[in-house]
Amino acid sequence: MRVLVVEDERVLADAIATGLRREAMAVDVAYDGAAALEKTGYIDYDVIVLDRDLPKVHGDEVARRLVAQRSASRIIMLTASGDVDDKVEGLELGADDYLAKPFVFMELVARVRALGRRSASALPPVLERSGIRLDPGKRLVTRDGSEITLTKKEFAVLEELLRAEGAVVSQEDLLDKAWDENIDPFTNVVRVTMMTLRKKLGEPQVIETVPGVGYKL
């Protein structure tokens, strides 16, 4: 899942990003509304965690522009106010969810995951194919009933392959969904991660390499 955190309090923004990355999400950060609009112009995010009170371009205006552009990204709006009128206003601007500060981090994680499922064409929360079962909420992977321990990136890559439902997923798409914007596009990290993932999933192999195109499960 690709997430954009938009928050002008840098310590808070970086803390949220770090926590979400620990949950196997690919996370970028923008510290003002203008930077957020720039990033959403060339990256398709599954979920945007958007603070309302932003410099340069207010969070409300960011939400308005994304809605006007028919962005598929789901928006969870953050604010210091938990007032009902503020929540209603935020939702009417186009936000899909609303969370008042201070918040419990695991509640934010749960809300981001829920919105991510909605942005993925309502795919089932638990993904299954070829005897492999992946539960994003519980961070649990099994094959034929036996639990498999994966790293965060292996988990994220497997999740994207399962979400593709047998279609080919390119290396570029995997980099886009499982890593953040700082990754070198010429790196061999996808190939290495795929190698270790295949080893952990065991025999018979279920991940197929499509030469020059990508991978499918």
Side-chain angles (χ1 to χ4, degrees), residues 1-5 17 20-30 35-49 66 69-75 112-113 115-137 139-143 148-217:
M1 185 189 304
R2 190 73 179 265
V3 180
L4 175 64
V5 175
L20 293 178
R21 288 178 185 128
R22 288 172 179 165
E23 297 295 323
M25 301 179 196
V27 185
D28 298 331
V29 179
L37 290 172
E38 180 181 356
K39 290 179 184 295
T40 57
Y42 63 88
I43 298 175
D44 294 324
Y45 292 99
D46 298 297
V47 179
I48 299 173
V49 180
L66 290 173
Q69 294 165 7
R70 300 184 182 275
S71 170
S73 302
R74 300 293 183 172
I75 301 172
V112 169
R113 287 200 181 283
L115 290 180
R117 290 193 292 269
R118 288 166 60 185
S119 72
S121 304
L123 287 173
V126 176
L127 306 170
E128 295 185 73
R129 189 176 183 85
S130 301
I132 296 171
R133 188 173 191 272
L134 182 147
D135 187 330
R139 297 249 322 124
L140 179 67
V141 174
T142 61
R143 180 170 188 180
I148 300 171
T149 301
L150 301 179
T151 66
K152 294 166 188 173
K153 292 306 181 187
E154 290 166 350
F155 188 96
V157 166
L158 180 60
E159 184 175 1
E160 292 306 319
L161 291 174
L162 286 167
R163 288 192 183 282
E165 298 183 305
V168 177
V169 183
S170 69
Q171 173 171 301
E172 291 75 18
D173 285 340
L174 289 173
L175 284 172
D176 183 58
K177 292 294 184 180
W179 282 268
D180 60 32
E181 64 183 349
N182 297 314
I183 190 69
D184 180 356
F186 300 105
T187 182
N188 67 347
V189 66
V190 172
R191 183 174 59 83
V192 172
T193 301
M194 202 64 68
M195 181 175 62
T196 60
L197 177 58
R198 282 173 166 148
K199 183 176 180 180
K200 289 183 179 180
L201 292 177
E203 299 292 341
Q205 290 290 320
V206 292
I207 298 176
E208 178 185 347
T209 300
V210 181
V213 182
Y215 305 89
K216 69 177 183 177
L217 192 153

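Reckoned from all heavy atoms, side chains included, excluding hydrogens, waters and symmetry mates.
A distance of 10.0 Å separates CD in Gln171 from OG1 in Thr193, rounded to the nearest 0.5 Å. The CZ atom of Arg198 lies 9.0 Å from the CD atom of Glu208; values are rounded to the nearest 0.5 Å. To the nearest 0.5 Å, atom NZ of residue Lys153 and atom OG1 of residue Thr196 are 13.0 Å apart. Taking OG1 from Thr142 and CD1 from Ile148, the interatomic distance works out to 7.0 Å, rounded to the nearest 0.5 Å. We find the CG-CD distance between Asp176 and Glu160 to be 9.0 Å, quoted to the nearest 0.5 Å. Met1 contributes atom CE, which lies 12.0 Å from atom CZ of Arg74 (distance to the nearest 0.5 angstrom).
Around the CG atom of Asp135, the shell of radius 6.0 Å holds more than 12 heavy atoms that belong to other residues, nucleotides or ligands. Taking a 6.0 Å sphere around NZ of Lys216, one finds it holds 12 or fewer heavy atoms contributed by other residues, nucleotides or ligands.
Nearest heavy-atom pair across Arg129 and Gly166 is NH2-CA, 3.5 Å. The shortest heavy-atom contact between Phe155 and Pro136 is CZ-CA, 4.0 Å. Ala156 and Ala178 get closest at one heavy-atom pair: CB-CB, 3.8 Å. Closest of all the heavy-atom pairs between Lys152 and Arg22 is CE-O, 3.2 Å. Closest approach of Met25 and Val3 over heavy atoms only: SD-CG2, 4.0 Å.
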> How far apart are the C-alpha atoms of Leu201 and Leu158, what are their side-chain angles, what is the distance that settles it, and do they pass the side chain to side chain contact (heavy atoms under 4.5 Å, CB included) test?
Replying inline: CA-CA 10 Å; Leu201 292 177; Leu158 180 60; 4.3 Å; yes
>> For Arg2 and Asp28: C-alpha separation, side-chain torsions, deciding distance, then whether side chain to side chain contact (heavy atoms under 4.5 Å, CB included) applies.
In response: CA-CA 8 Å; Arg2 190 73 179 265; Asp28 298 331; 2.8 Å; yes
>> For a side chain to side chain contact (heavy atoms under 4.5 Å, CB included) check, start with the C-alpha distance between Ile43 and Leu4, then their side-chain angles and the critical distance, and finish with the verdict.
In response: CA-CA 9 Å; Ile43 298 175; Leu4 175 64; over 6 Å; no
> Does the side chain to side chain contact (heavy atoms under 4.5 Å, CB included) test come out yes or no for Leu197 and Tyr215, once each step is laid out?
Replying inline: CA-CA 12 Å; Leu197 177 58; Tyr215 305 89; over 6 Å; no
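Residues Val157 and Val190 fail the side-chain proximity criterion, which asks for heavy atoms closer than 4.5 Å. A heavy-atom distance below 4.5 Å is found between the side chains of Leu161 and Met194. Side chains of Val206 and Arg143 form a contact here, defined as non-hydrogen atoms less than 4.5 Å apart. Residues Val112 and Glu23 fail the side-chain proximity criterion, which asks for heavy atoms closer than 4.5 Å. Thr149 has its side chain out of reach of Lys200: every pair of non-hydrogen atoms, C-beta onward, lies at least 4.5 Å apart. Taking 4.5 Å as the limit, some side-chain heavy atom of Val189 sits within range of a side-chain heavy atom of Leu175.
With Ile75 as reference, Leu66 is the one residue of Val47, Leu66, Val49 to meet the side-chain contact (heavy atoms from CB on, under 4.5 Å) rule.
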